[in-house]
Amino acid sequence: MRERPRRLRQSPTMRALVRETQIQADQLILPMFVRDIAAPSPINSMPGVVQHSLVSLANAAVEAQAAGIGGLMLFGVPDDKDACGTEALSVDGILARGISAVRAAVGPDFVIVADVCLDEFTDHGHCGVLDSQGRVDNDATNQLYGEMAVAVARAGANVVGLSGMMDGQVGVVRDALDHAGFHDVVILAYAAKYASAFYGPFRDAVQSSLTGDRKTYQQDPANRRESAREVRLDVEQGADIVMIKPALSYLDVVADTRATVDVPVAAYVVSGELAMIEAAAAAGAIDRQRAILEVLTSVKRAGADIICTYWAVEVAAWLKADK
Ligand code: PBG
């Protein structure tokens, strides 16, 4: 026997020498929720995750920055919802105020991704506005995304996360940002976003009022080729970074995307993926830290450069302790 693969596994140092994939703290993005409340409020279906007040948000942002992670992704939880998601466009809205508070606390360069989508702000819970027959109106929605992107850029976001899955949204938002002078605001496009059961806890987190589903705009989990098309269209329209979401059930799509584009690829380990692992760990069925690191490593190994994860700060601390 000449080939003995086990030779390279004989000790921790040998294994470190040949390790192919490393998770890096500065390529992790922490999603956060902000609401007009006096004190942070736990989200029952997402252990360890809270809805922040403006004050606790800014403090947690500073801690996250100090932990060495790559950035934050902010979602607003408004008190008032209406058919058009008006609060999403307002400088006085909770998302814009959250972004401003964080920007003031973390300085000019730290990455703040603002979610640009209407679902948290609409009373019907859809990611866009509805036409007279109650269907999501793609092109009217894109105009609002353009306005929202400019509003969050004004508030201090240097990246916009386009999560609504409307056709043509990247091009419309790029034009709106450029027209307002925000040439340097980065577009992180949720290029392939599937209609997933794993968003369940997030809808608790943002107190979503959705009845029904998002299957006319988010993708069918059965489709792989369709993601290549979605990714191609987003890159053609000017996406700076493309994201796949969820992550774990879509590692094939992450790998396909990495192989075909020359922009950075991100993947979002979503709320239901967090909830599953936390539940299994709480039940004593798996080792929590090892499971989390294994999951994030698998997302990286599949080809993601950037990972959005609610565990970002905790993982950054583990990585530091490990060095
Ligand atoms: C929509 C949005 C969703 C998530 C991020 N942005 C929910 C949805 O599409 O229903 C889910 C994130 C998660 O589950 O962690 N703006």
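Counting starts at 1 for both ligands and their atoms, following the listed order. Only this structure's heavy atoms are used, side chains among them; waters, hydrogens and symmetry mates stay out.
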Here the atoms of ligand 1 under 4.0 Å from any heavy atom belonging to Asp115 are 16 (N)
Near Gln218 (heavy-atom distance under 4.0 Å), the atoms of ligand 1 are 8 (C), 9 (O)
The closest protein heavy-atom partner of atom 8 (C) of ligand 1 is Arg214 NE, 3.5 Å
heavy-atom search around atom 10 (O) of ligand 1 in the protein gives Arg203 NH2, 2.6 Å
Check: Ser163 N/O within less than 3.5 Å of ligand 1 N/O
yes
In this structure, atom 12 (C) of ligand 1 is nearest to the protein heavy atom Phe202 CD1, 3.2 Å
shortest atom 14 (O) of ligand 1-to-protein heavy-atom contact is with Ser271 OG, 2.7 Å
Within the 4.0 Å heavy-atom cut-off, what Leu274 brings close to ligand 1 is neither
Quick note on ligand 1: atoms under 4.0 Å from a heavy atom of Tyr310 include exactly 12 (C), 13 (C), 15 (O)
Report the relative orientation of the aromatic rings in Tyr250 and Tyr194; use parallel for angles under 30°, tilted for 30 to 60°, perpendicular for over 60°. parallel
Atom 6 (N) of ligand 1 sits nearest the protein heavy atom Lys245 NZ, 3.1 Å
Numbered in order shown, the ligand 1 atoms found under 4.0 Å of a heavy atom of Asp119 are 1 (C), 16 (N)
Tyr199 heavy atoms within 4.0 Å reach ligand 1 at atoms 8 (C), 9 (O), 10 (O), 11 (C), 14 (O)
- Query: Could Lys193 and Tyr199 be counted as a cation-pi pair, given that NZ or CZ must be under 6.0 Å from the ring centre and within 45° of the axis?
  - Reply: yes
(Q) Taking Val235's backbone N and O only, do any of them form a donor-acceptor pair with Arg232's side chain (distance below 3.5 Å, no angle check)? (A) no
Ligand 1 atoms nearer than 4.0 angstrom to some heavy atom of Phe75 are 5 (C), 6 (N)
Item checked: Over 12 non-hydrogen atoms of neighbours within 6.0 angstrom of CD in Glu236 -> yes
Check your understanding: Just wondering, more than 12 heavy atoms not from Asp184 lying within 6.0 Å of its CG?
Key -> no
In ligand 1, the atoms that come under 4.0 Å of a heavy atom of Lys193 are 1 (C), 2 (C), 3 (C), 6 (N), 8 (C), 9 (O)
Atoms of ligand 1 under 4.0 Å from any heavy atom of Tyr268, numbered from 1 in the order shown, are 12 (C), 15 (O)
Within the 4.0 Å heavy-atom cut-off, what Val270 brings close to ligand 1 is both
Chi angles and distances behind the side-chain contact (heavy atoms from CB on, under 4.5 Å) call for Gln207, Val77:
CA-CA 7 Å; Gln207 292 160 317; Val77 186; 3.2 Å; yes
So Phe75 and Phe202, would you call those rings parallel, tilted or perpendicular, with 30° and 60° as cut-offs? perpendicular
Original post:
Can a donor-acceptor pair be found between the side chains of Gln24 and Lys300 at a distance below 3.5 Å?
Top reply: no
Compute the minimum heavy-atom distance from Glu120 to ligand 1 and say whether it is under 4.0 Å. yes
